[in-house]
Amino acid sequence: MASQKPSIPKGTRDFSPAEMIRRNYIFDIIRSVFQVFGYQPIETPAMENLSTLMGKYGEEGDKLLFKILNSGNYLDALPESASRFLDPAVRLTDLTKHIAEKGLRYDLTVPFARFVVQHQHELIFPFKRYQIQPVWRADRPQKGRYREFFQCDVDVIGSNSLLNEVELAQIIDAVFTKLDINVLIRLNNRKVLAGIAEAIGAPDKLNVITVAMDKLDKTGLDKVTDELVENGLTYSAIEKLQPILLLEGKIKEKFDTLTPFFKDSETGRKGLEEMRTVLLLLKDLNLKNKFDFDITLARGLSYYTGTIIEVKALDAAMGSICGGGRYDDLTGIFGLPGMSGVGISFGADRICDVMTELNLFPGTIQAATRALFINFGTEEEKHCLKLLASLRSAGIPSELYPDAAKLKKQMEYANRKNIPFVILIGKDEMESGKITVKNMHSGEQKLNTLEEVIKLLS
RNA sequence: GUGGAUGUAGCUCAGGGGUUAGAGCAUCGGAUUGUGGUUCCGAGGGUCGUGGGUUCAAUUCCCAUCUUCCACCCCA
């Protein structure tokens, strides 16, 4: 039988020990910050019922869901002959709903909303939770984009207070300060965006406007204008929108321009007021990283209703490495209305990419074996096993080479694994009861008692 | 879903319509069976992504397909 070339699905990755050490460094910092702010961990299944996931991320999102084929003879469950679904006139989604009822989660927010509704009577509100798990998207992979990646979510649900938004900004600041990444925290509010749509007389075109505005810094004013025209915005509306699109400079100037602009839009005024509250509180907190009120920030996920947040690394070319916002009614679809939540998600994989690119991992993070016992044979093995146990109970990470291989091979093993000390116990040492310790860095070698060895390696 | 690149040894990559396809690194053995990193010597390892076409002859040229990467869309 010809052996097949091993491979893994597109957009997924294996993580080597060296990579896991770096990834765990990031996860540990993020987790410790979450905990210090009073958030509690939960986990949810990798797969959810498709009905939980569908329709929550907009049309695009549905396409990017990985669907799981039903077990057993799934074609038997079809209401009519399978051949009908081969007709191109029949929509593929019709077939999908008959043969797949589960899907891999697309993010952690929607499963969290489901979790909250399902466990509402056990939870203490406002409920502050964090969740660090992989999510899956059937996207085309490219730089910084994977089909399986880890999100680190923090959310507060059951509180309308804008203090939560402020707290999330503090968490962002604390995490990236600890990771030594310089970031810009961009803030906006969906109500401000809705207000703009209202004020220019195109309230139904909110989505078109936000998507176009989001592209402003990438494609420029002309392209954005073209796109707006294509999507049916009138020239007079675009004309009114222009000064908003070009709004730059200090936060205060943005408020000065928007305030009169919103004189007929209550939604806009409300959004602006929320922004003012959040920004003023943040101003007094002296965050290490910069934040800005950026009216071109839109964010695609359709469930956001208030504040939206996005974080970009300043020194690396990478999409957003953290994002989130407030959703007023995500639990409503699952039967629990009036429960507002706000949360953010850190993209661990992108953060890892940025830190690798900028060389930000400290050199001291690898927790490797401290000492390797050389294996000289059966008698020596037995002797070493006891000493090994002593070192381990003293908390010294140590190992015994499992085979009586050539010394060169064992030394090479220690060398390649970066083990700083090698312990040699042959006939001589067994008789004298002493232990030879070799420092692999300096090459120097000494006879010691067990106590001395423990002291030396601790 | 759209567009552009890519695929040759475990890895990074040269090469070229015509005997036996190369290099560096890695692996294994030896110099050196109680002493690693450096050095030297040697060995193993390939259906040149897959399928088809052109040709006396294709790994090389052409077409298709898949893979990976990059960009768009969207996003972490």
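Reckoned from all heavy atoms, side chains included, excluding hydrogens, waters and symmetry mates. Protein chains get the first letters and strands the later ones, always in sequence-line order, with residue 1 at the start of each.
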Taking [X] for the side chain and [Y] for the main chain, is one N or O donor matched with an acceptor at less than 3.5 Å?
X: A:Asp62; Y: A:Met54; result: no
X: A:Asn415; Y: A:Met411; result: no
X: A:Arg186; Y: A:Ile308; result: no

Distance in angstrom units between [X] [atom1] and [N] [atom2], rounded:
X: A:Gln131; N: B:A76; atom1: CD; atom2: C1'; value: 15 Å
X: A:Asp139; N: B:C72; atom1: CG; atom2: P; value: 12 Å
X: A:Arg13; N: B:A76; atom1: CZ; atom2: C1'; value: 11 Å
X: A:Met430; N: B:G34; atom1: CE; atom2: P; value: 16 Å
X: A:Met318; N: B:C70; atom1: CE; atom2: C1'; value: 13 Å
X: A:Tyr401; N: B:G36; atom1: OH; atom2: C1'; value: 13 Å
X: A:Arg350; N: B:A76; atom1: CZ; atom2: C1'; value: 5 Å
X: A:Asp353; N: B:C69; atom1: CG; atom2: C1'; value: 14 Å

Assign [X] to base, sugar-phosphate, or nothing according to its heavy-atom contacts below 4.0 angstrom with the strands shown.
X: A:Tyr146; answer: base
X: A:Cys322; answer: sugar-phosphate
X: A:Lys10; answer: sugar-phosphate
X: A:Gly61; answer: nothing

Check if the side chain of [X] and the base of [N] share a donor-acceptor pair of N or O atoms closer than 3.5 Å.
X: A:Glu380; N: B:G34; value: no
X: A:Gln445; N: B:U35; value: yes
X: A:Arg140; N: B:U2; value: yes

Taking atom [atom1] in both [N] and [M], what distance in whole Å separates the two?
N: B:G3; M: B:U60; atom1: P; answer: 26 Å
N: B:A21; M: B:G45; atom1: C1'; answer: 14 Å
N: B:C41; M: B:G24; atom1: P; answer: 11 Å
N: B:A5; M: B:C61; atom1: P; answer: 15 Å
N: B:G49; M: B:G7; atom1: P; answer: 8 Å
N: B:U8; M: B:U47; atom1: C1'; answer: 12 Å
N: B:G44; M: B:G34; atom1: P; answer: 29 Å
N: B:U6; M: B:C62; atom1: P; answer: 12 Å

### Message
Could you check whether A:Glu274 and A:Thr307, counting side-chain N and O atoms only, form a donor-acceptor pair closer than 3.5 Å?
### Response
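Side chains of A:Thr307 and A:Glu274: no pair found under 3.5 Å.
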
### Query
Is there a donor in the side chain of A:Ser32 and an acceptor in the side chain of A:Gln35, or the other way round, less than 3.5 Å apart?
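No - no donor-acceptor pair under 3.5 Å links their side chains.
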
### Task
With the side chain of A:Met411 defined as its heavy atoms from C-beta on, choose the nearest nucleotide among B:G34, B:G36, B:A76.
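Looking only at heavy atoms from C-beta outward on A:Met411, the closest nucleotide is B:G36.
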
### Query
Which nucleotide, B:U35, B:C75, B:A71, lies nearest any side-chain atom of A:Lys143?
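Out of B:U35, B:C75, B:A71, the nucleotide with an atom closest to A:Lys143's side chain is B:A71.
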
### Task
Please indicate yes or no: is the ring centre of A:Phe149 less than 5.5 Å from the centre of the six-membered base ring of B:A76, with the two planes inclined by under 30 degrees?
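So A:Phe149 counts as stacking on the base.
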
### Mutual orientation of the aromatic rings belonging to A:Phe34 and A:Tyr130 [parallel < 30°, tilted 30-60°, perpendicular > 60°]
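Tilted: the ring planes of A:Phe34 and A:Tyr130 meet at 30° to 60°.
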
### Task
Could you label the plane-to-plane angle of the A:Tyr327 and A:Tyr303 rings as parallel, tilted or perpendicular, counting under 30° as parallel and over 60° as perpendicular?
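Geometry flag for A:Tyr303 against A:Tyr327: perpendicular rings.
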
### Task
For A:Ser345 and for A:Gly426, find the nucleotide of RNA chain B with the closest heavy atom, then tell me which residue's nucleotide is more 5'.
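It is A:Gly426, whose closest nucleotide lies nearer the 5' terminus.
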
### RNA chain B: 5'-proximal contact among A:Phe376 and A:Glu310 (nearest heavy atom)
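Of the two residues, A:Phe376 wins.
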
### Task
Please list every stem that involves RNA chain B, where a stem is a run of 3 or more consecutive Watson-Crick or G-U wobble pairs with both pairing distances under 3.5 Å.
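Stems for RNA chain B, defined as runs of 3 or more consecutive pairs: B:1-5 with B:68-72, B:10-13 with B:22-25, B:27-31 with B:39-43, B:49-53 with B:61-65.
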
### Query
Would you say A:Met47 has more than 12 foreign heavy atoms packed within less than 6.0 Å of its CE?
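No, CE of A:Met47 has 12 or fewer neighbouring heavy atoms, counting only those of other groups under 6.0 Å.
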
### Message
Taking 4.0 Å as the cut-off, does a side-chain nitrogen or oxygen of A:Gln142 come that near to OP1 or OP2 on B:A71?
### Response
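For B:A71, OP1 or OP2 has a side-chain N or O of A:Gln142 closer than 4.0 Å.
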
### Query
Can we say A:Asp28 and A:Lys178 salt-bridge, meaning some charged N sits less than 4.0 Å from an Asp/Glu carboxylate O?
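No, no charged N to carboxylate O under 4.0 Å.
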
### Query
Which residues pass the ring-ring contact (aromatic ring centres under 6.0 Å, His included) test with A:Phe373, sequence neighbours left out?
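Residues passing ring-ring contact (aromatic ring centres under 6.0 Å, His included) with A:Phe373: none at all.
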
#### Entry: Nearest-0.5 Å distance that lies between atom OG1 in A:Thr109 and atom CD in A:Gln151
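Spacing of OG1 (A:Thr109) from CD (A:Gln151) equals 7.0 Å.
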
### Task
Do nucleotides 24-33 of chain B as a string where each nucleotide becomes B, S or -: B if the base has a protein heavy atom under 4.0 Å, S if just the sugar-phosphate does, - if no protein is that close.
---S--S---

#### Entry: Minimum-distance pair of heavy atoms, taken over all atoms of A:Asp353 and A:Gly144
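Residues A:Asp353 and A:Gly144, closest heavy atoms: OD2-CA, 4.0 Å.
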
